[in-house]
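All residue numbers refer to positions in the sequence shown, counting from 1. Just so it is clear, the model here is predicted, and its values are computed rather than measured. Below, each value reflects all heavy atoms present in this structure, side chains not excepted, and no hydrogens, waters or symmetry copies.
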Amino acid sequence: MTTTIPALSPGERVGRLTGRLITPLQQGYLKDQSHAVGALARLRRGAGKDFARTPDLWGLYDTGPLHESPDGVRPLGEAELVRAEDAVHVALTLWALHQQSRGTGMHRAGTRTAPQALGTAVRRLMPPGDIDEPVRKRFVRVGNAPDLPAVAQRLREIVVLLRGADVPLDYALLAEQLYRWQEPGGPDDVRRAWGLSFHAHCPPRAGTTGAAPVAAGAAAAADDTTDLTDKDAS
């Protein structure tokens with residue numbers, strides 16, 4: 001019997017490409033290879049900024065596979081390509097900011113037993129069994145963002161905290177979700193996924209080593225926003 005392999009969705013194509021782009025750069029950066037160090041420095045300057053406003057990054061990474069149409073795969077339409085390019089850009093630049101000065105890889109593909117989803121990563125910033133309110137409010141602000149540029153800017157604040165606590169993130173998954181965010185009805189689906197991963201995280205058992213929670217006041221220092229409420233976090 002012949003097994004039919006389902007074609008990847010546009011979001012899945014974005015996620016796979018993002019992972020393939022990050023992996024060699026991350027390996028090169030950890031080996032202190034000059035080309036990778038230089039590429040990350042350029043990518044960091046684009047963190048939180050629109051793809052169209054960062055021409056210095058054009059050609060730094062190859063998104064050609066998004067424009068290709070392998071046998072049996074529907075080519076992406078113009079609107080889909082714009083969403084895909086934007087999602088890859090946001091994920092790559094945020095990863096470069098996250099990876100800065102870290103001695104281990106901050107992009108880490110998740111598994112069923114060890115997810116590295118955004119909600120899981122944010123929950124790991126908090127003390128086991130407790131909620132860090134400033135961090136929670138920043139997470140809420142990401143979910144309440146009205147569009148992708150706002151999501152990128154607010155994610156930048158979260159990434160700064162993740163970097164400080166050495167908490168990794170699955171940037172391939174994030175890129176896929178950023179693509180989905182731009183689709184009709186996508187924000188609700190992505191918010192649901194982020195919320196589920198936040199609440200599903202199981203903190204380390206007593207006696208095991210987990211990521212250090214954010215020190216008191218560290219979240220407040222991530223940007224100039226203070227004392228936000230859920231109503232204001234939009």
Side-chain angles (χ1 to χ4, degrees), residues 13-68 84-111 114-118 120-122 124-125 135 138 142 148-149 151-179 209-212 214-215 218-219 221-224:
R13 290 179 64 181
V14 166
R16 290 200 178 186
L17 175 61
T18 300
R20 290 201 300 267
L21 291 171
I22 289 177
T23 297
L25 281 175
Q26 182 164 273
Q27 292 172 345
Y29 181 82
L30 295 176
K31 294 177 181 177
D32 200 28
Q33 295 175 352
S34 59
H35 74 279
V37 173
L40 261 71
R42 291 173 61 187
L43 285 168
R44 283 196 301 272
R45 291 196 288 270
K49 299 178 182 177
D50 292 347
F51 176 68
R53 296 179 180 271
T54 53
D56 180 55
L57 303 185
W58 297 350
L60 182 60
Y61 50 87
D62 181 15
T63 57
L66 294 175
H67 299 258
E68 297 171 356
E85 294 273 8
D86 286 349
V88 172
H89 168 78
V90 172
L92 281 175
T93 55
L94 288 174
W95 162 74
L97 177 65
H98 196 166
Q99 188 61 58
Q100 183 182 18
S101 301
R102 299 297 92 187
T104 58
M106 291 294 101
H107 163 58
R108 192 172 304 169
T111 65
Q116 303 293 342
L118 180 64
T120 303
V122 171
R124 289 182 62 193
L125 292 171
V135 174
R138 277 174 172 74
V142 176
L148 186 65
V151 171
Q153 186 59 46
R154 296 176 187 187
L155 278 174
R156 191 182 191 283
E157 303 167 11
I158 296 291
V159 165
V160 170
L161 299 177
L162 295 176
R163 182 182 67 193
D166 273 331
V167 176
L169 185 63
D170 186 340
Y171 278 92
L173 174 59
L174 180 65
E176 179 179 343
Q177 292 173 332
L178 292 175
Y179 178 89
T209 301
V214 177
D223 64 11
D224 295 331

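With respect to Trp95, the side chain to side chain contact (heavy atoms under 4.5 Å, CB included) criterion is satisfied by exactly one of Val159, Ile22, Leu174: Ile22.
Minimum interatomic distance between Ala117 and Leu173 (heavy atoms only, all atoms of both residues): CB-CD2, 3.9 Å. Here the shortest heavy-atom pairing between Leu169 and Ala121 reads CD1-CB, 4.0 Å. Between Ala165 and Leu125, the shortest heavy-atom distance links the atoms CB-CD2, 3.7 Å. Heavy atoms only, all atoms of each residue included: Leu57 and Arg42 are closest at CD2-O, 3.2 Å. Contact between Val14 and Ala175 at its shortest, heavy atoms only, is CG1-O, 3.7 Å. Minimum heavy-atom separation, Thr18 to Ala91: CG2-CB, 4.0 Å.
Within the 3.5 Å criterion, the main-chain N or O of Ser101 finds a donor-acceptor partner in the side chain of Tyr29. Judged by distance alone, the side chain of His107 and the main-chain N or O of His98 form no donor-acceptor pair under 3.5 Å. Gln99 places a side-chain N or O within 3.5 Å of a backbone atom of Thr104 that can act as its donor or acceptor partner. Looking at Thr120, its side chain never comes within 3.5 Å of a backbone N or O of Gln116 through a donor-acceptor pair.
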Could you walk me through whether Gln26 and Arg108 pass the side chain to side chain contact (heavy atoms under 4.5 Å, CB included) test, one step at a time? CA-CA 10 Å; Gln26 182 164 273; Arg108 192 172 304 169; over 6 Å; no

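The shortest side-chain heavy-atom distance between Leu92 and Tyr171 does not fall under the 4.5 Å cut-off. When side chains are defined from C-beta on, Val122 does not count as touching Val142, because their heavy atoms never get closer than 4.5 Å. Residues Arg138 and Leu161 are in side-chain contact: their nearest non-hydrogen atoms beyond the backbone lie under 4.5 Å apart. Between Val151 and Val90 there is no side-chain heavy-atom pair separated by less than 4.5 Å. Val88 has its side chain within reach of Leu66: a pair of non-hydrogen atoms, C-beta onward, lies under 4.5 Å apart.
Between Leu162 atom CG and Arg102 atom CZ the span is 11.5 Å, to the nearest 0.5 Å. Note: Met106 CE to Leu97 CG = 12.0 Å, rounded to the nearest 0.5 Å. A distance of 8.5 Å separates CG in Leu21 from OH in Tyr61, rounded to the nearest 0.5 Å. Between atom CD of residue Glu68 and atom OG1 of residue Thr63 there is a gap of 10.0 Å, rounded to the nearest 0.5 Å. For the atom pair Asp62 CG and Arg20 CZ, the distance stands at 10.0 Å (nearest 0.5 Å). Here CG of Leu118 is found 7.0 Å from CD of Gln177. Values are rounded to the nearest 0.5 Å.
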